[in-house]
Protein chains: 2
Amino acid sequence: MNDKKVKQILEDLDVENPGEVCPIKDVLAEVLDKWTMMIILVLGKHKVLRFADVRRSVVGISPKMLTKSLRTLERDGHVNRKVYPEVPIRVEYSLTEQGEVFLKKLVDLAAWIKPHVPTIVKSREQFIK
Amino acid sequence: MNDKKVKQILEDLDVENPGEVCPIKDVLAEVLDKWTMMIILVLGKHKVLRFADVRRSVVGISPKMLTKSLRTLERDGHVNRKVYPEVPIRVEYSLTEQGEVFLKKLVDLAAWIKPHVPTIVKSREQFIK
DNA sequence: TGAACAAGTAACCAAATGGTTAGTGTTGTG
DNA sequence: CACAACACTAACCATTTGGTTACTTGTTCA
């Protein structure tokens, strides 16, 4: 591994600067959150979904967390929120271009980690105490 | 984006299987945890560190979280823990080969996300309410 | 004799996280 | 005329998370 690159990233992530807000860590943490990740993935698959659709697709999510996660994704520019002021109201969610980029990275990450998982599971089983 | 691949990952991540334990999500979540990530990075930079060294390098971490994170990393096979039964006791931590692989991926991920951060920060500022 | 050291561990506590349930307002349907 | 549909929001509460502080253990050094 390239030491210079590691050192650079350590600086970028502000490991030695206590108390500082690090936007890189922040953006990463938010996009890699359990529910957020799932929402990006289902929006990647279905392209356009209404609130209730996402709720059905992401099994187990509560309306509270769904709203919260969608707002964060919207705020960070990963998701479009389009409101149709009909009655009953209709709201459609979809990935932005930036959201698509993140989707791609998430899929890559999951695909990359997949073959490592059996080894790790084995390592866990052998770990006593 | 390749729809087949997204569909495959959605299946791998068990989005539609409620209550199931998904090892991929699990392994990802543990390695991407705030403190765990920092520990992998400082071990990548310094190669071998004692408990107190890691504590100094990862500014702000409490001994409780340090122990917990190191145990998880050891359990998952990312970190070696070598005990020298001297007095006072000496314990050295270093990355395993697998840990080095994860380090590389973490650095790649951070490096990749870095140029996206200013756009996201701007998007946040423009987001009202 | 007793303080210091290393690598934790134990006990306690505050804060954050997130689930559940009920409610909002309007309109089309049985 | 009551109820379902939709996209949330508010209030409440249980659980989880993680920080702080003090303690352990055996030997060496002052």
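Chain naming here is simple, since letters A, B, ... match the order of the sequence lines and numbering starts at 1 in each. In what follows, every heavy atom counts, from backbone to side chain, and hydrogens, waters and symmetry copies are set aside.
Counting heavy atoms of neighbouring residues, nucleotides and ligands inside a 6.0 Å radius, atom CD of A:Glu86 exceeds 12 of them.
A donor-acceptor pair is defined here as one N or O able to donate and one able to accept, closer than 3.5 Å; no such pair exists between the side chain of A:Thr36 and the backbone of A:Leu32. Panel note: side chain B:Ser123, backbone A:Arg75; a donor-acceptor pair is recorded below 3.5 Å. Side-chain N or O atoms of A:Thr96 include none that pairs as donor or acceptor with a backbone N or O of A:Asn80 at under 3.5 Å.
Applying the side-chain contact (heavy atoms from CB on, under 4.5 Å) test between B:Ile120 and each of A:Asp76, A:Asp26, A:Ile24 identifies A:Asp76 as the sole match.
A:Asp108 and B:Lys105 are not joined by a salt bridge, as no carboxylate oxygen comes within less than 4.0 angstrom of a charged side-chain nitrogen. Salt bridge status for A:Asp53 with A:Arg56: present, with a side-chain N to carboxylate O gap under 4.0 Å.
Counting to the nearest Å, the C1' atom of D:dT24 and the CZ atom of B:Phe51 are 14 Å from each other. Rounded to a whole Å, the CG atom of A:Leu70 is 8 Å from the P atom of D:dC8. Going from atom CG of B:Asp53 over to atom C1' of C:dC5 covers 14 Å, rounded to whole Å.
Using a 4.0 Å cut-off, no side-chain N or O of B:Arg50 falls inside it from OP1 or OP2 of C:dA6.
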(request) Classify every nucleotide of nucleotides 15-22 of chain C by which part a protein heavy atom approaches to under 4.0 Å, writing B for the base, S for the sugar-phosphate alone and - for neither, in 5'-to-3' order. (result) ---BBB--
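The stretch residues 81-96 of chain A touches DNA chain C through A:Val87, each having a heavy atom under 4.0 angstrom from the strand.
When the local axes at the two ends of the helix from C:dT1-D:dA30 to C:dG30-D:dC1 are compared, using 5 base pairs at each end, they differ in direction by 30° after rounding to 10°.
A chain of hydrophobic side-chain contacts below 4.5 Å, direct or via other Ile, Leu, Val, Met, Phe, Trp or Tyr residues, connects A:Leu28 to A:Trp112.
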(request) Could you walk me through whether A:Lys47 and A:Glu92 pass salt bridge (charged side-chain N to carboxylate O under 4.0 Å, His left out), step by step? (result) CA-CA 10 Å; A:Lys47 307 302 175 196; A:Glu92 286 184 352; over 6 Å; no
(message) Test salt bridge (charged side-chain N to carboxylate O under 4.0 Å, His left out) on A:Asp3 and B:Lys45; report intermediate values, then the result.
(response) CA-CA 6 Å; A:Asp3 279 9; B:Lys45 186 185 174 193; over 6 Å; no
